[in-house]
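Chain naming here is simple, since letters A, B, ... match the order of the sequence lines and numbering starts at 1 in each.
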Amino acid sequence: MYIDFDFIKNSLPIIVHKIPITLLLTVVSFVIALVFGTIFAYVNYKKVKVASKAIRVYMSIIRGTPIILQIYVIYNVTPKLLEGLFDALGIGVNIYNIDPIWYAFFALSLAATVSASEAIRAGLLSIDKGQFEAGLSVGLSERKVLFDVVFPQAFTNAFPVLGNVLVDLIKSTSLAFMMSVVEITAQAKILGGEVLRYFESYLCVFIIYIFLIKAVEIINSIIESRISTYKLGTAHR
Amino acid sequence: MLKVENVHKSFGKNQVLKGVSFDVEKGDVVAILGSSGSGKTTLLRCLEFFEKADDGRIELGELKTDLKGAHKSVANQFRQHTGFVFQNYNLFNNKTALDNVKLGLIKGHGVDKKKADELARKALDKVGLSDRLDYYPSELSGGQQQRIGIARAVAFEPDVIFMDEPTSALDPELVGEVLETIKKLAENGITMVIVTHEISFARDVATKVIYMDEGVIVEQGTSLEIFSRPKQERTRQFLSRFLADYDYVI
Amino acid sequence: MKKIELEWVFYFIKESLPYLSVTAQYVFFSLIFGTVIGSVIAKAKMSKSKIANFLASFYITIVRCTPSIVLLFLVYFGVPALLRDTSFGAWLNTLPTIIFVIVTYSIFIGASISEVIRGAFQVVSKGQREAGLAVGMNEFQTFASIILPQMVKAAIPNIGNTIIFLFKEGALAYTIGLHDVLGRAYFMSGRTMNVHALSMYVALTLIYWPISLLLEKLFKTISEKMQYVHVETVKETELAKEVKAA
């Protein structure tokens, strides 16, 4: 039994090289999750009749099934659907030329959308009705009240939970290898497989994740303390 | 200038307003008195379109509408001309004192930023809070918050300001500063409709007093008429609860 | 890939549902061992020893920052690969896959359970222990009959979440070849060249989704039932009716 430090020395840079892919997966999926999460949260908050029911069913299915199942469904079913769609529309795009990372964005944002939506809805529910009325009373339209008064506060309240959603998302990107996207975990799997030094290669990924996530958490807490000064009443202390 | 006619409102089976009508002239300070549950807060909230009245009309200057089924845009038009002061202040938690006042001016009334800044500072100066411009609501006392709430309502120079029990959420020692602020507005000829429990304040400041009970106006008249010569037995009974205090003052 | 066919959906449900017992095994054992690890970590975190404190925090941070699949690979591929020329390593290779799954998830949820335990402990006020001692019970009796029940009550929703998490996240064990519900369905799908993959996905959704909902509902009901409020039993109310009628 020995740890092959030479292997680590040679592999780590190669794996580190894939960090941008991991970050790309994270950021794009997170943005998608934020956009749809906000829309879904608002629809649910407003209790729009059919739409909010449909969204709740969607959220329930996603929450109730393993992410690995979601990934396989997206990865295997979407190409067929697209193929049919493109055929019907007469678009001459070969779907097998589509970079699999697009499926990864889609698959990873499914679950993140649900958590983001719940966080934002809780944020919205925490805003007192009086804030709405105060906005209306000074002559703002409903849309302006929403964007200038309600959403900023809802997002501030939701921020810590959204931070967790982001962290979970970073961790989920490790599943992208199932969609043949080569990010850090996939790279480690490949390198470790060549010479059967799995322990060392996974140790590298393990360490990279710890650094990545710790960094994100630190950034989150800095931003959080910045944006929530208004709540804490500490600006003038 | 403000004409309110026949306002009806029920919550489920509970009839809260059973046909309320009154007029307000420019420069009037109208105090609406009544025990809890008499419908006075609901009345004010109907006039600001926070509650949808079941029936009734409102006229304000050139504007007029049925309260029932009034469209959002109509509500917004009216709100452009009315200010509202809330019982629990409802300052925008995420905005500083100055921005609380500026937001409505800029986004609600299309005042340009420089002018809005100027007007907001002036309004905050009037309520004596020039030294708290960049404070957030969470850093201020209830009395200070309410004075900012008043500044926010005054800043865009509305035709009338509705005040919904502006002092009832305050600690007793903070009530004075807010009443003082309102009194100053009255002296400057600003038109106000104030729902209040502060009887002696109403007597001192109001030009007109409305006494409500169980969803109807029992009696209305000048301050002198209501306080010195109430016609209705119910009004007399209501005031008599404060009369001991009142007699003593005289 | 063929369209969704009802008979194939039933086929996959019939084939994989019995493997729910495998899923249940790793959920159950991971929860047990995870609770053991979690208790130790919680104890360490609440102890006055700086070293114990640091180690506990270190453990929690590390685990929280690791994707469960990386931990799974490290445990299943990494450790045996590292120890391959030792007899312990050889022995590891003879173990069934599910052991690695249970080890991984016990380590994994140990961290979150330690936080749950700490949270639950803080819910129960110091006065409860003191009151227990004051009426003449010893430390153990006080813990067992006063503090523990209140802690369990406070922890129920989180335990429910942990079980649901294990139930779903455990499906990742398919990637190391475990035949649980999902693994079995994939295996059977592979035998038909994945022609009926769509039906398999539907079958799996029809297994996982309702069970997750059921678990969610179950723990919600349990935690509602466990409120310390006076509950009128059916008998009493019926009796009351009779009294009224009379």
Side-chain angles (χ1 to χ4, degrees), chain A residues 34 38 41-43 45-48 119-163 222-237, chain B residues 44-45 47-51 72-73 75-96 99-111 120 131-141 148-149 151-156 158 161-164 169:
Chain A
L34 275 186
T38 306
Y42 185 66
V43 170
Y45 172 74
K46 274 280 175 184
K47 301 198 176 100
V48 181
I120 296 166
R121 194 170 84 99
L124 282 171
L125 289 175
S126 69
I127 308 299
D128 188 76
K129 198 176 73 170
Q131 293 287 312
F132 247 109
E133 292 178 350
L136 295 176
S137 82
V138 295
L140 301 187
S141 64
E142 263 182 48
R143 207 174 56 86
K144 281 180 180 153
V145 180
L146 210 57
F147 280 97
D148 283 297
V149 179
V150 178
F151 270 133
Q153 291 183 55
F155 275 109
T156 310
N157 290 353
F159 190 84
V161 189
L162 288 175
I222 292 171
I223 299 177
E224 196 193 335
S225 65
R226 285 265 170 84
I227 61 173
S228 53
T229 40
Y230 78 79
K231 265 198 312 199
L232 305 170
T234 50
H236 290 88
R237 254 182 237 155
Chain B
L44 220 52
R45 291 176 58 81
L47 300 184
E48 187 72 1
F49 301 87
F50 289 155
E51 305 289 350
K72 274 180 203 173
S73 60
N76 186 262
Q77 268 179 359
F78 271 86
R79 288 179 190 135
Q80 300 269 343
H81 294 271
T82 61
F84 201 93
V85 174
F86 297 85
Q87 185 176 348
N88 49 357
Y89 343 126
N90 285 339
L91 294 188
F92 305 125
N93 297 318
N94 58 332
K95 306 270 179 200
T96 60
D99 286 340
N100 255 283
V101 183
K102 270 162 74 176
L103 185 69
L105 288 167
I106 296 170
K107 304 247 171 163
H109 294 261
V111 178
D131 56 339
R132 290 286 185 271
L133 297 179
D134 60 344
Y135 278 57
Y136 286 103
S138 62
E139 300 173 283
L140 299 166
S141 75
I148 294 166
R152 182 172 71 177
V154 174
F156 56 87
I161 299 175
F162 299 130
M163 298 195 179
D164 178 18

For this session: Let me know if A:Asp148 has heavy atoms under 4.5 Å from chain B in its side chain, its backbone, both or neither.
Result: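 For A:Asp148, the contact with chain B is made by backbone and side chain together.
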Problem set entry | Greater than 12 external heavy atoms within 6.0 Å of B:Lys107's NZ |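 Atom NZ in B:Lys107 is not crowded, with 12 or fewer foreign heavy atoms closer than 6.0 Å.
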Heavy-atom pair with the smallest gap, counting every atom of [X] and [Y]:
| X | Y | value |
| --- | --- | --- |
| B:Arg152 | A:Ala134 | NH2-CB, 3.4 Å |
| B:His109 | A:Val138 | NE2-O, 3.3 Å |
| B:Phe50 | A:Glu133 | CZ-O, 3.1 Å |

Using a cut-off of under 4.5 Å for heavy-atom pairs, which of [options] has the most such pairs with chain A?
| options | answer |
| --- | --- |
| B:Thr82, B:Leu91, B:Val101, B:Asn100 | B:Leu91 |
| B:Phe156, B:Phe78, B:Tyr135 | B:Tyr135 |
| B:Gly83, B:Ser73, B:Gly104 | B:Gly104 |

Exercise. Considering the options B:Phe162, B:Phe86, B:Phe49, which one meets the side-chain contact (heavy atoms from CB on, under 4.5 Å) requirement together with A:Ser137?
Worked result: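 Answer to the side-chain contact (heavy atoms from CB on, under 4.5 Å) test with A:Ser137 among B:Phe162, B:Phe86, B:Phe49: B:Phe86.
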Problem set entry | Heavy-atom side-chain contact between A:Val149 and B:Leu103 under 4.5 Å |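 Heavy-atom side-chain distance check passes, below 4.5 Å.
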Distance, nearest 0.5 Å, that separates [atom1] of [X] from [atom2] of [Y]:
| X | Y | atom1 | atom2 | answer |
| --- | --- | --- | --- | --- |
| B:Lys72 | A:Arg143 | NZ | CZ | 12.0 Å |
| A:Leu136 | B:Arg79 | CG | CZ | 4.5 Å |
| A:Asp128 | B:Asn88 | CG | CG | 6.5 Å |

